[in-house]
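A short write-up of the structure that comes next.
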Amino acid sequence: MTDTSPAKPLPGPRRVCVIGWPVGHSRSPLIHNTWLARHGLGEAYAYTRMEVPADELADTVRHLVPLGFRGANVTVPHKEAAFAALHPFVDPVAERLRAVNTVYRDRETGDLRGTNTDGFGFLENLRRSAPEFSGSTATILGAGGAARAIADALAREAGMAVRIVNRTVARAAALVADLEIDATVFGWEQMDQALAGADLLVNTTTLGMAGQPPLEVELSGLSDGAAVCDIVYTPLETPLLRAARAAGLQAVDGLGMLLWQAVPGFELWFGIRPDEDDVAAARAALIADLEAA
Ligand code: ATR
């Protein structure tokens, strides 16, 4: 944090929320309220949770301002419905993903707009956690919403050749067709082929999450110095990341994506871009919270 004087609140409603169903598990309030406090804005603004059923989602998103909110995050299962509610007032990333995770007011017109910061969060975290990483081929396990955002960022922003491995191959094929990216699709049984020579492996499946079966893959086919990312963060060190570290590979945990995806939203709502120190402080708060849970 470079500026030590408290920032002045901007005009407009003072609240932001995360919308989901259920939403009690969301750690976004902890991240944003940590940053508000660090910038002397903890009294001026509040970041809360809002549990919204599917049939009320579109109305809620469209009426955020009269409801007293200057913006929102949208989480599972509402990102696609939020996109539909805001369309065509969405940016090109949200348009490609057909999903919105961040809603904000346009500074000039005051209109609500939707964007999607998940892919940015993934790439920014990779760049900061593994600064020496460079590679041309990425293998993504899974084909859900997170895989979409990550595949889009890796193919379009990072210019990598992408391979998608999914248990349900048709879902991976639909992802590639929808995103119009140049990517190869593999079934789960073709795992070794999909990993051979890859510079980056990303797990977006639920395997390895507490209470789920572990993700068991053979990492020896990856390139030397490959990076392995897991978006699962409960536990923080998944069996996959432990195996990656043991094999001398770079291991990138899932909290970083969650933290960095929050940065653009905070800036859009509150006019201040959280820096590395802010992210480190929120990370410490998240780890304490996860350990207490
Ligand atoms: P999100 O949208 O949060 O990224 P999701 O849509 O719930 O997640 O997707 C979860 C991913 O984990 C999917 O790719 C799923 O594979 P299918 O598309 O075949 O369902 C994958 N997954 C979940 N359990 C799995 C298992 N036991 N083995 C392999 N893949 C699994």
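Hydrogens, waters and symmetry mates are skipped; everything else that's a heavy atom, side chains included, is used. These numbers come from a predicted model, not from an experiment. Each ligand, and each atom within it, is numbered from 1 in the order the structure gives.
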Enumerate, one pair per line, all nitrogen or oxygen atoms of ligand 1 lying under 3.5 Å from a protein nitrogen or oxygen, stating the separation to 0.1 Å; write 'none' if no such pair exists.
from: ligand 1; atom 1: 2 (O); to: G145; atom 2: N; distance (Å): 2.7
from: ligand 1; atom 1: 4 (O); to: G145; atom 2: N; distance (Å): 3.3
from: ligand 1; atom 1: 4 (O); to: A146; atom 2: N; distance (Å): 3.1
from: ligand 1; atom 1: 6 (O); to: R171; atom 2: NH2; distance (Å): 2.8
from: ligand 1; atom 1: 14 (O); to: A143; atom 2: N; distance (Å): 2.9
from: ligand 1; atom 1: 14 (O); to: N166; atom 2: OD1; distance (Å): 2.7
from: ligand 1; atom 1: 16 (O); to: N166; atom 2: OD1; distance (Å): 3.3
from: ligand 1; atom 1: 18 (O); to: N166; atom 2: ND2; distance (Å): 2.8
from: ligand 1; atom 1: 18 (O); to: R171; atom 2: NH1; distance (Å): 2.8
from: ligand 1; atom 1: 19 (O); to: R167; atom 2: NE; distance (Å): 3.2
from: ligand 1; atom 1: 19 (O); to: T168; atom 2: N; distance (Å): 3.0
from: ligand 1; atom 1: 19 (O); to: T168; atom 2: OG1; distance (Å): 2.5
from: ligand 1; atom 1: 20 (O); to: R167; atom 2: NH2; distance (Å): 2.9
from: ligand 1; atom 1: 27 (N); to: R167; atom 2: NH1; distance (Å): 3.4

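Of the N and O atoms on the side chains of N101 and T75, not one donor lies less than 3.5 Å from an acceptor on the other residue.
S134 OG to R127 CZ: the interatomic distance, rounded to the nearest 0.5 Å, is 12.5 Å.
Linking ILVMFWY residues whenever their side-chain heavy atoms come closer than 4.5 Å, directly or via other members, leaves L86 and V93 in distinct clusters.
Using a 4.0 Å cut-off between charged nitrogen and carboxylate oxygen, R148 and D118 do not count as a salt-bridge pair. Contact check on R98 versus E80 returns no salt bridge, with no Lys/Arg side-chain nitrogen under 4.0 Å from an Asp/Glu carboxylate oxygen.
Across all non-hydrogen atoms, the minimal contact from C229 to L240 is O-CD2, 4.3 Å.
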